[in-house]
Amino acid sequence: MISAVALLAIFGLLHTAFAGEADVLDLTDSDFSIRVAETETTLVMFYAPWCGHCKKLKPEYAKAAELLRGEDPPIALAKVDCTEGGKDTCSKFSVSGYPTLKIFKNGEVSQEYNGPREASGIAKYMKSIVGPASKDLLTLDAFEAFMKVQETSVVGFFQKESDLKSVFLKYADSQRERLRFGHSSAKEVLDKQGETDAIYLFRAKQLANKFENDFVKFSGKTKDELTAFVKDNFHGLCGVRTRETASDFRNPLVVVYYAVDYVKNPKGTNYWRNRVLKVAKEFVGRVSFAVSAKDDFQHELNEYGYDYVGDKPLALARDSKNQKFVMKDEFSVENLQAFATALEEGSLEPYVKSEPVPESNDAPVKIAVGKNFDDVVINNGVDTLVEFYAPWCGHCKKLTPIYEELATKLKDEDVSVVKMDATANDVPPTFDVRGFPTLYWLSKDDKSNPKRYEGGREIDDFMKYIAKHATNELKGWDRKGNVKKVEL
């Protein structure tokens, strides 16, 4: 017989598993038009049950619906199965891929949804498009309720119309999808704040600490100045870096990874963050600091050679050149201080993800890995063509025999033909590799200025390019890529 405690535990697990699901409208062809028109603003996810991206999004979508429950004005989240009961609806709205998300206003398509794909980001984005960009706080109760939300906010206090209020509202309108805004002209609010024409940035309550103020006052006058002010102060001494906000943080940057969770464990989260803050206050304006949830950034941890993070935090960093560094010592305030100091001084050894250095590198196409890249490409004393590839890339596989033939033709020339698996090795920051294959040409006398190869990918295309750009004319080809005649 199952005990009452066991039943409660099972119920708790089921509640967690299905939290938010009831808040998502499950629509079909028969009721779509009617239900979508019932709420002024509705976000609809068109999906297929077999779609991996849809499966990944569904729990975040359900959680977002839960977060939006009770919003005023209301915001609905709905889903339509394009493989079953919603085939005609999906066809009507030209759904060709999954998941597709569209925003409906009063039953009609308003816009494509291009916002975040995680719960808090979805909820924040949807709230930003409903109503005015800044919430008008008409009473003291409304102001106090607005301030209780665990979200950093920009708030204006204005007794009357002014140039500063105009700047505030224009800025709010331009940033409504990213930031939370409120403003008030209520006498009781202005009296409590002690301001009649001012803008403040109030940091989220859960981020309060003894190393910095909970709020910062704007002292400028223009929209550009307000933009810079918010950018400089939004995250404070040590921001909570999420997938949504990762691009806000600039190098040099120290990120401390651990179980960051302000919902389930705010006390434990701040226990470690306060130790990071103690160090961060010594590096203001020189080194940035952040904390990140280790489970949300496993892909970054993998880039530094870590499969997991234990009970104690892990500190990783990048410098202004985007080189990577690992704090190998156990996390402590003292060790973090020393790590950040060494990062600033440039005395740390960069971490380089690398395959093993080949025991032999005598084949026509030379193999570069992270650890030997400088030797094989930069310091080899000859002109170099380097290909950055991915093992699974079809275009790369097609290029392989051509590339090998090219290297064979040039084996007696002062030109090196090199390839590097960019998925298994760190690509130096000098090279911008966003797709595969990506090729660069490096002149032997100017290796600091590589040129992206944009030419054709047949053997003759490569030969003509190299013959033209080689530092010294090739022995077997003229500058136009024609084979030189051998005198008898």
Side-chain angles (χ1 to χ4, degrees), residues 116 152 178-179 203 207 211-212 216 227-258 260 272-273 275-294 296-306 309 313-329 331 333 335-354 370-371 373-374 378 388 422-423 425-434 438 440 447-450 452:
T152 297
R178 294 187 63 251
L179 306 174
R203 297 194 177 98
L207 302 181
F211 301 102
E212 60 186 342
V216 190
T227 300
F229 164 79
V230 173
K231 183 177 180 180
D232 291 343
N233 292 282
F234 188 86
H235 294 291
L237 289 175
C238 176
V240 179
R241 179 174 168 271
T242 65
R243 286 177 292 180
E244 183 185 1
T245 64
S247 61
D248 292 352
F249 296 83
R250 300 296 179 222
N251 297 339
L253 171 67
V254 176
V255 181
V256 178
Y257 299 82
Y258 62 100
V260 175
W272 293 114
R273 181 169 175 265
R275 280 150 180 75
V276 180
L277 282 159
K278 189 172 183 180
V279 176
K281 68 182 179 64
E282 305 297 331
F283 292 86
V284 176
R286 308 193 314 274
V287 178
S288 301
F289 287 79
V291 296
S292 283
K294 58 184 181 180
D296 290 343
F297 285 91
Q298 186 58 54
H299 61 290
E300 286 189 353
L301 298 175
N302 292 342
E303 286 296 309
Y304 287 81
Y306 284 87
V309 176
L314 170 69
L316 306 175
R318 288 183 183 265
D319 64 7
S320 57
K321 297 178 182 178
N322 207 37
Q323 295 182 109
K324 298 186 292 188
F325 303 91
V326 176
M327 189 177 88
K328 297 178 182 178
D329 298 318
F331 183 88
V333 170
N335 288 338
L336 185 62
Q337 174 88 35
F339 180 64
T341 299
L343 175 70
E344 185 177 25
E345 292 174 347
S347 58
L348 290 173
E349 180 181 349
Y351 169 82
V352 179
K353 182 173 72 170
S354 178
K371 291 179 180 178
F373 189 88
D374 281 358
I378 305 301
F388 298 97
T423 68
N425 300 277
D426 275 342
V427 176
T430 312
F431 302 87
D432 183 19
V433 177
R434 299 185 184 182
T438 295
Y440 274 90
K447 291 293 179 76
S448 63
N449 187 31
R452 184 188 289 270

From CG (Leu253) to CG (Asp248), nearest 0.5 Å: 11.0 Å
Should Arg273 and Cys238 count as side-chain neighbours, where that means a heavy-atom distance under 4.5 Å? yes
Between Asp426 and Gln323, is the side-chain contact (heavy atoms from CB on, under 4.5 Å) condition met? List the steps. CA-CA 10 Å; Asp426 275 342; Gln323 295 182 109; over 6 Å; no
Would a distance-only check, ignoring hydrogens and angles, find a side-chain to backbone donor-acceptor pair under 3.5 Å from Tyr257 to Gln298? no
Distance (rounded to the nearest 0.5 Å) between Leu348 CG and Phe339 CZ: 5.5 Å
Between Ala317 and Leu343, the two heavy atoms sitting closest are CB-CD2, 3.9 Å
Using side-chain heavy atoms (C-beta onward) and a distance below 4.5 Å, is Phe431 in contact with Thr438? no
I'd like to check Leu316 versus Val255 (side-chain heavy atoms, cut-off strictly below 4.5 Å). Are they in contact? no
Apply the test side-chain contact (heavy atoms from CB on, under 4.5 Å) to residues Ser448 and Thr430: give CA-CA distance (whole Å), side-chain angles for both, the deciding distance (0.1 Å), then the verdict. CA-CA 8 Å; Ser448 63; Thr430 312; over 6 Å; no
Which value, rounded to the nearest 0.5 Å, describes the distance between His235 atom NE2 and Leu207 atom CG? 10.5 Å
Is Glu303 paired with Lys353 through a side-chain N to carboxylate O contact shorter than 4.0 Å? yes
On the 0 to 90° scale, with breaks at 30° and 60°, tag the Phe331-Trp272 ring pair as parallel, tilted or perpendicular. perpendicular
Say you draw a straight line from OG1 of Thr242 to CG of Asp296; how long is it, rounded to the nearest 0.5 Å? 8.0 Å
For Asn233 and Arg203, work out which heavy atoms get closest and say how close. O-NH2, 3.1 Å
Below 30° counts as parallel, above 60° as perpendicular, anything between as tilted: where do the rings of Phe388 and Phe373 land? parallel
The test is side-chain contact (heavy atoms from CB on, under 4.5 Å); show your working for Asn251 and Lys321 and say whether it passes. CA-CA 8 Å; Asn251 297 339; Lys321 297 178 182 178; over 6 Å; no
Quick check: are there more than 12 heavy atoms from other residues, nucleotides or ligands sitting under 6.0 Å from NZ of Lys447? yes
If we only count heavy atoms from C-beta on, is the Thr245 to Phe234 side-chain gap below 4.5 Å? no
Passing candidate, side-chain contact (heavy atoms from CB on, under 4.5 Å) with Phe289, options Val279, Val284, Leu237: Val279
Heavy-atom pair of closest approach, residues Lys281 and Lys278: CG-O, 3.3 Å
Considering all heavy atoms of both residues, which atom of Pro313 and which atom of Val256 are nearest to each other, and what is their separation? CB-CG1, 3.4 Å
In terms of ring plane angle, is the pair Tyr304 and Tyr351 parallel, tilted or perpendicular, where the classes change at 30° and 60°? parallel
How many angstroms lie between atom NZ of Lys294 and atom CG of Leu314, to the nearest 0.5 angstrom? 10.0 Å
Verify, without hydrogens or angle tests, whether Arg452 (side chain) and Asp432 (backbone) share a donor-acceptor contact under 3.5 angstrom. yes
Mind listing the closest non-hydrogen atom pair of Gly370 and Ser354 along with its distance? N-OG, 3.2 Å
Got a second to check how far Asn335's CG is from Lys328's NZ, nearest 0.5 Å? 13.5 Å
For residues 231-245, which residue pairs pass the salt bridge (charged side-chain N to carboxylate O under 4.0 Å, His left out) check, not counting sequence neighbours? Arg241-Glu300
